[in-house]
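Notes to accompany the following structure.
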Amino acid sequence: GQSLEQPSEVTAVEGAIVQINCTYQTSGFYGLSWYQQHDGGAPTFLSYNALDGLEETGRFSSFLSRSDSYGYLLLQELQMKDSASYFCAVYGSSNTGKLIFGQGTTLQVKP
Amino acid sequence: SQTIHQWPATLVQPVGSPLSLECTVEGTSNPNLYWYRQAAGRGLQLLFYSVGIGQISSEVPQNLSASRPQDRQFILSSKKLLLSDSGFYLCACLTGGGGELFFGEGSRLTVL
């Protein structure tokens, strides 16, 4: 089977740093991506890691360790608008195209 | 850049009625296409995905079906809706070298 695990909720204050972890078990692995979804909206892409290491995009960074089947999303200088749900997703194979999501982490940023 | 048109945006259907959700993609060719369903407050459940015309992979056995009659058209259907089919349906296409899904605005289905 295939599964992804991430915490259901995280709370942090404005200006802080928060890390959202994701562990996965999949039969195939091509890369790990992260998405943000605000209430009522569609998910939007944040980052993608195909190789081990850290990818940085502005205030957001994403890390992958293929040997540990683990990744995380790091959000710095939190803002109120960062309150949303965050999903990790595994792209299992470029041949089959299968891409599955975790259950999501709800981030609440407090003043 | 690609654009995804998904319709209808909202619909309320009685149990046992048929369903057809349509999704068309612009700005890319031969994309991987996906249908996801999201229940309120939950994650995205992969329903179907397609790597080409007429090629459909199903993830979850259920009363839904999908078709890809053209390269950039993906259709989700049901002959008889169940209460459990209620949810937020999202069409998406894969862009770039992998991993980056671009979503449509979604179709919110309520089955009564």
Side-chain angles (χ1 to χ4, degrees), chain A residues 1-9 20 22 24 26-51 55 57 62 64 66 71 73 84-108, chain B residues 1-7 9-10 21 23 25 28 30-60 66 68 71 74 87-108:
Chain A
Q2 304 188 51
S3 66
L4 293 88
E5 291 192 13
Q6 49 182 130
S8 58
E9 294 182 3
I20 300 174
C22 174
Y24 58 88
T26 59
S27 55
F29 182 84
Y30 204 75
L32 183 74
S33 49
W34 289 91
Y35 295 81
Q36 179 190 61
Q37 184 181 30
H38 286 100
D39 278 349
T44 56
F45 172 79
L46 292 177
S47 68
Y48 175 65
N49 295 69
L51 303 175
E55 294 281 342
T57 308
S62 58
L64 174 65
R66 296 173 69 114
L73 179 69
S85 292
Y86 293 84
F87 296 89
C88 58
V90 165
Y91 185 41
S93 167
S94 61
N95 291 328
T96 69
K98 187 171 181 177
L99 204 157
I100 60 171
F101 281 74
Q103 288 301 304
T105 299
T106 300
L107 169 64
Q108 185 178 14
Chain B
S1 63
Q2 66 284 324
T3 304
I4 296 184
H5 301 283
Q6 188 179 338
W7 71 95
T10 306
L21 300 179
C23 170
V25 181
T28 186
N30 196 29
N32 284 9
L33 297 175
Y34 302 80
W35 278 110
Y36 291 90
R37 178 171 64 196
Q38 186 175 36
R42 304 292 297 275
L44 281 75
Q45 179 188 27
L46 178 60
L47 300 176
F48 301 95
Y49 56 103
S50 170
V51 297
I53 296 174
Q55 301 178 60
I56 308 294
S57 297
S58 174
E59 270 299 289
V60 182
R68 186 170 176 174
D71 181 44
F74 205 23
F88 190 39
Y89 288 79
L90 290 153
C91 177
C93 73
L94 194 67
T95 67
E100 180 175 350
L101 277 182
F102 185 78
F103 286 87
E105 291 302 309
S107 299
R108 201 167 300 278

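Values below: every heavy atom of this structure, side chains too, minus hydrogens, waters and symmetry copies. By convention in this document, chain letters (A, B, ...) are assigned in the order of the sequence lines, proteins followed by strands, and residues within each chain are numbered from 1.
Using a 4.5 Å cut-off between heavy atoms, B/Q55 makes no contact with chain A at all. Within the 4.5 angstrom heavy-atom criterion, only side-chain atoms of B/Y36, from C-beta onward, approach chain A. Using a 4.5 Å cut-off between heavy atoms, B/L101 contacts chain A through both its backbone and its side chain. Contacts between B/L90 and chain A at a heavy-atom distance below 4.5 Å involve the side chain alone, from C-beta outward.
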Candidate pair B/E100 and A/Y48, rule side chain to side chain contact (heavy atoms under 4.5 Å, CB included), full reasoning: CA-CA 7 Å; B/E100 180 175 350; A/Y48 175 65; 5.7 Å; no
Derivation and outcome, side chain to side chain contact (heavy atoms under 4.5 Å, CB included), residues A/Y35 and B/L44: CA-CA 11 Å; A/Y35 295 81; B/L44 281 75; over 6 Å; no
Check against side chain to side chain contact (heavy atoms under 4.5 Å, CB included), B/F103 and A/Q37: CA-CA 11 Å; B/F103 286 87; A/Q37 184 181 30; over 6 Å; no
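In terms of heavy atoms, B/Q38 sits closest to A/F87 at NE2-CZ, 3.6 Å. Scanning both residues, A/A42 and B/G104, for their nearest heavy atoms gives CB-O, 3.2 Å. The minimum heavy-atom distance linking A/L99 with B/L94 is given by the pair CD1-CD1, 3.7 Å.
The candidate from A/S33, A/P43, A/G31 with the greatest count of non-hydrogen atom pairs under 4.5 Å with chain B is A/P43. When each of B/E105, B/Q45, B/R42 is scored by its heavy-atom pairs under 4.5 Å with chain A, the top score falls to B/R42.
With sequence neighbours excluded, the residues that form a side chain to side chain contact (heavy atoms under 4.5 Å, CB included) with B/T3 are B/H5, B/E26.
Atom OH of B/Y49 and atom CD1 of A/I100 lie 9.5 Å apart (nearest 0.5 Å).
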